[in-house]
Each structure stands twice: as structure tokens, then as C-alpha cells.
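Worksheet: one structure, shown below.
We name chains A, B, ... by the order of the sequence lines, and we start the count at 1 in each one.
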Amino acid sequence: MAADKLTSRSEDFSEWYNQIVLKADMADYGPVRGTMIVKPYGWKLWENIQGALNSRFQATGVENAAFPIFIPQSFLTKEAQHVEGFAPELAIVTHGGGKELAEPIVVRPTSETVIGDAYSRWIQSFRDLPVLINCWNNVVRWEMRTRIFLRTMEFYWQEGHTAHATAAEAEERTLMMLDAYTDFSVNEAAVPVVPGLKSNNETFPGADSTYTIEAMMGDGKALQSGTSHNLGQNFAKAFDIKYLSEENEREFCWTTSWGVSTRFIGAIIMTHGDDNGLIMPPRLAPIQVVVVSIFKKAKEKEAVLPVAQRIFDELKAAGIRVKLDDRENMSPGAKYYEWEMRGVPVRVEIGPRDVQKESAALARRDIPGRDGKSFVPQENIVAQVQNLLDTVQAALLKRATDFREDNTHDVTDYAGLKTAVQTGWARGWWAGSDEDENIVKQETKATLRCYPIDQPEGEGVCFYTGKPATRVALFGRAY
RNA sequence: CGGGGCGUAGCUCAGCUUGGUAGAGCGCACGGUUUGGGUCCGUGAGGUCGUCAGUUCGAAUCUGGCCGCCCCGACCA
């Protein structure tokens, strides 16, 4: 019996996405509009993301800390651009303990202000610099339209905040974290990204410059998957973050902030998933391998279970995140469909025939059905599974990268852009103004995703204005 | 905030036009049967029909208000 089938990606990508989040047991809707409940399977993925990012942060000297979720409303108004950018989407607490508050409290939409205030007290001398702190927390933004993981009113993320003595050091840190994000995304999540600089229009409120990693989803749309901001001296001036230099001069600090959110889970789903469900990249997968035992009669069960258990134990001892599915009253086929929906990258099947032949069936999630199955000896199963996990990891990255390349088109005129952004991204020389950018957005729904870090040599002609252009921009429709 | 759709069992929905004892499938529990790609049969548990008011002898059904959710646009990690 075909159980309730997943809507296909080609039929309705949005509906496919919504269903997969629920069916793969990642998350559920919260009782308040636009909020989500992250279920254990989704949270485990998030924890693995945290682990991969934390190790990269710590390698650059960043330490974790925690700041309050409540911020005095007055803080938000101190930086002009910042207040303009965030005022419309603030959740504000006006009552506490049954009484109206003297000053309303803002639920943090991001922590630049409260951290800036702390830094102004902590930093006295050039010897106190740099300050390198990261926070894993939740933030609230009163969004008009929400989508689970991609845009929820409350979401989880990390926000790193650093303070430096010089502009050069702040820029170096901004790019260093952009590199960390790129490395994480490509090598852990197998999500290929284009690192680049945001246009003026898309720059974070209060930043001098914003860098981004842009990923192409399975429907050709772009998802901003991480950002790194060079805040210049804007927040230092607003919050009076000063230090005394070696020359005994009072100087404003240069600060940065950078973040990756639970939105990244959406990126993983929409990059790798297929019509059978989710596909987890092995390096981040909550469950990397599931061992499915197959038996009919009690006698077969007696023979199969110990072998399945032994293989499970061996894989676990090797540090692989493995689960043994020994559920009875459930046919093997039903189990396969379930684990495919949940995106487990490798499945090991052990049945009576395998016990007899000392073999096992290995199935890889990225190639569904019989084509992705191989029958191997049980001997050396750990190495074979590890090998297959690596193979799947590499195959996912290659498939996503090929897809992105196939759907990114170099354009030399506006018509070319219009065609390209129907199905993917347009890349071309750009010398347009902020206003030109808005017109393109209005007419095509495509936005300037970034000026890629990786630029071609020389100069060109702007595909829109015909003016000489010094850099290439990437355009696409975005989430 | 504009446009659209929907609130009935855990989930997906039927019933509403034409008011009269609350339904199905899936899921769940139990028993049996089956198990190498979504087994089958039986038994059973489970619902103040979003909410408030109105019309009526009688409302899931008709009328109005309110609340909520989803989708599409403008805004955004």
C-alpha cells in the first residue's frame, strides 16, 4: 500500500519542502503563528552543525558566551541605520510582574547593541583587544510571512561579535569568518556556496559592508546561508566602545558580527532532498547508518538479530552514528521508505541470506532503489561503510555543484538576465546604481545576491547600463 | 498589511447545498498472519464538529462577530 506520498519537487517545490520537514520528523509548528518546534531529529542535526562551526570558531580564538534576551528599548535606537532596519520587526515587552514597565524591553532581534554596551565597559586598553566572542542563542523578529526553518519569528543561530584595534584587523576577521562558513558549508554540509560581498541595498543595517555565502536550492532560487558583517566604527561610536592606544590616544574600536542560523537546515533540505525525502550529508547526519534486520520466523530472527547487533556494535565502536532497526511487525520495505524519508545516508540490511553467506546489503541514500544497493562481505564492514559515507558525501557535493553550474548563466544583456533567473542565477558585469538594482528587482523578482569574491580578470561592460564595469555580480530569485 | 483558502478523531479529509442519533482512510492498542521495497484479517480505543452569539422544537449544517492556521504578494537570517 502506498502510504501518503510526498509531493514531488517538480510538482510543487514549496509544498514538497513543507511536507519533508514534517514527515522527516525534523520539526513541527508551534502554537503561535510563525514559531516552530524543533524535534529531536532536527535538533541533533543542529547540534552537529554547532559542533562543526564551534571547532572552526575556536581554531581562530573565538570563545562562547551568553548575553541577555532582553534589551532596553533605548539601546536599539542608538545606531541610526540599525533602528531603521529592525524597528518594524521588534517584539516588545511592555508589562512585567503585572505592572507596566517604565521603559519597554525589546526581545533581541540580534545582539549588537547589548554586546556593544558590554564591550564599552570591558574594553579599556589596546591590550584588551581583540575581543572574540560567539553566542549560541535564539532571537525574535516579527516576520510577516514565515516558513519553517527558512523564516520563523523565533529562530536559533550563532552570532559572533568581535572588537579590534584597526580597520584592517576587523576586515580580516570579517573575511576569516566568511571563509570559515564557506569551509563548513562545502566540506561538512556538502552545500556549495558562493562567498561574496552584498550590495549597498542588501547590507546589514549598521554595517559598513556585509559578506554572504549564497547557495542555490533545488528549484534554482538563492538562499543566503550565512553572513559576516564588517561594522566599521558604527556601533563603537553608538555605544562608545573605545580603547587607549599604545600612543596613549583614545580610539574607537572596529567591530564585526557574523551569523549562521537554523535556516541552514532549510538549505540542507532544499539542496540535497529528492522525491523520496530528505538526504542528510553524512558528516552532519544525526544518524549516519541504519542497520535493518530482516527475518520471518522465530528461527530466522534468532539467527539474524545477533549478526545485526554485532555489525551495529562494530560500527558504533568505530565512532559512526548508527541505529539498529529491529522493529517487528514492520516489513522491510516500510522501514526502507521511512529511513529514506528521514535521509539516512547509508543503510545496512541483514537478512537470513546474509547470515548464511556472511554478507550484507549496503544501500546508499543518494541513489535510491536497486541501483544504489551493493552486496558485500561482512568482513571489514566498518571500513566499507566508512568508505561509502565518504563516497556519498562527495557525490552530494558534486551533484549540488553541477546543478548550480548548470543553472548559472553568464549574461551580457538584460534579456539574458530575465531568462536566466527563470530557472537559476545570472552572472554578469554590473555597474548599475542602487536604483537600477531596485528596478531589476521589481521587474524580474531577482536580487543582486552578491559580488563574488572570486572575480574574473580585467573589466567589462555592464549588462544593464552599458557602462564600463569593474566587477561581476550574481543575480537570482531568493528565499 | 493586501489577496486567497481552511478550521469536524493524532493526521488527511467526507458530511453542510436541502437542519433531525458523528463518518471514512491512515495512524494508534490488542490478537493472529506476514516480513529481501509501503503484508493481510479481525477486534478496540479515540471527537464539548475553532470560539462566542443569533435563528430554530432541534445547528457540524443557516446568519453574524471573534480567534487561529496555511498559501500567494510587499518586508526580511
message: Under 6.0 Å between ring centres: does that hold for A:F239 and A:F75?
response: yes

query: Taking for each residue the nucleotide of RNA chain B bearing the nearest heavy atom, is the 5' side occupied by A:E328 or by A:A478?
result: A:E328

- request: Classify the nucleic acid contact of A:T152 as base, sugar-phosphate or nothing, counting any heavy atom under 4.0 Å across all strands shown.
  value: base

task: For the side chain of A:N329, starting at C-beta, report the closest nucleotide among B:U33, B:G73, B:C75.
output: B:U33

field: CA sep, side-chain torsions, deciding dist, call: A:R56, A:D183, salt bridge (charged side-chain N to carboxylate O under 4.0 Å, His left out)
entry: CA-CA 9 Å; A:R56 284 167 174 76; A:D183 182 61; 2.9 Å; yes

message: Is the ring pair A:F67/A:Y119 parallel, tilted or perpendicular, if the boundaries are 30 and 60 degrees?
response: perpendicular

query: Counting only distance, no hydrogens or angles, is the base of B:G37 paired donor-acceptor with the side chain of A:E340 under 3.5 Å?
result: yes

task: Could you check which of B:G37, B:U35, B:A77 has an atom nearest any side-chain atom of A:Y336?
output: B:G37

message: Once you apply a heavy-atom cut-off of 4.0 Å, does A:L223 come out as touching a base, just sugar-phosphate, or nothing?
response: nothing

Side chains of A:I453 and A:Y211 in contact at under 4.5 Å (non-hydrogen atoms): yes

- request: Report which part of the nucleic acid A:N18 touches: base, sugar-phosphate, or nothing (heavy-atom distance under 4.0 Å, all strands).
  value: sugar-phosphate

query: When all nucleic acid strands are considered with a 4.0 Å heavy-atom cut-off, which category describes A:S14: base, sugar-phosphate, or nothing?
result: sugar-phosphate

task: Give A:T227 one of three labels, base, sugar-phosphate or nothing, depending on what nucleic acid heavy atoms sit under 4.0 Å from its own.
output: nothing

field: Closest listed nucleotide, where the reference is the side chain of A:Y29 and the choices are B:C1, B:C70, B:G36
entry: B:C70

- prompt: Which of these nucleotides, B:A77, B:G36, B:C75, is closest to any side-chain atom of A:K441?
  reply: B:C75

query: Does B:G73 pair with anything, Watson-Crick or G-U wobble, both distances under 3.5 Å, and if so, with which nucleotide?
result: B:C1

- prompt: Toward the 5' end of RNA chain B, which comes first, A:A360 or A:F204, by nearest nucleotide?
  reply: A:A360

- request: Select base, sugar-phosphate, or nothing to describe what A:G351 touches, counting heavy atoms under 4.0 Å on all strands.
  value: base

query: If we call it a pair only when both distances are under 3.5 Å in a Watson-Crick or G-U wobble match, what pairs with B:A53?
result: B:U63

- prompt: At what distance, to the nearest 0.5 angstrom, does CD of A:E112 lie from CZ of A:F86?
  reply: 7.0 Å

query: Between B:A77, B:A74, B:G37, which nucleotide gets closest to the side-chain atoms of A:Y337?
result: B:G37

query: Using purine N1 to pyrimidine N3 plus N6-O4 or O6-N4 for Watson-Crick, or N1-O2 and O6-N3 for G-U wobble, both under 3.5 Å, which nucleotide pairs with B:U21?
result: none

C1' atoms of B:C72 and B:C13, separation to the nearest Å: 23 Å

message: Mind checking if A:R347 touches a base, just sugar-phosphate, or nothing, with heavy atoms under 4.0 Å?
response: base

- request: Can you figure out which of B:G36, B:U33, B:A77 approaches the side chain of A:E349 most closely?
  value: B:G36

query: Base, sugar-phosphate, or nothing: which does A:P352 touch, judged by heavy atoms less than 4.0 Å apart?
result: base

task: Tell me what A:F295 touches on the nucleic acid: a base, only sugar-phosphate, or nothing, going by heavy atoms under 4.0 Å.
output: base

field: Distance, C1' atom - from B:U33 to B:U17, rounded to whole angstrom
entry: 46 Å

message: So if I take every side-chain heavy atom of A:D354 and compare against B:G36, B:A77, B:U35, which nucleotide ends up nearest?
response: B:G36

- prompt: Is it true that A:F155 and A:W157 have ring centroids separated by less than 6.0 Å?
  reply: yes

- prompt: Paired with B:A45: which nucleotide, if any, by Watson-Crick or G-U wobble criteria at under 3.5 Å for both distances?
  reply: none

task: To the nearest Å, give me how far apart CE (A:M153) and P (B:C1) are.
output: 13 Å

Whole-Å gap separating C1' (B:C26) and CE (A:M330): 13 Å

- prompt: B:A9 pairs with which nucleotide, Watson-Crick or G-U wobble, both distances below 3.5 Å?
  reply: none

- request: Please work out if A:R370 contacts a base, only the sugar-phosphate, or nothing of the nucleic acid, heavy-atom cut-off 4.0 Å.
  value: sugar-phosphate

- prompt: Across the strands shown, which category fits A:Q224 at heavy-atom distances under 4.0 angstrom: base, sugar-phosphate, nothing?
  reply: sugar-phosphate

message: Could you identify the nucleotide paired to B:U33, looking across every strand shown and requiring Watson-Crick or G-U wobble geometry with both distances under 3.5 Å?
response: none

message: Less than 6.0 angstrom separating the ring centers of A:W46 and A:Y156, yes or no?
response: no

query: Could you state the OH-P distance from A:Y181 to B:A77, rounded to the nearest angstrom?
result: 14 Å

Distance-only donor-acceptor test, A:K373 side-chain atoms vs B:G37 base atoms, 3.5 Å: yes

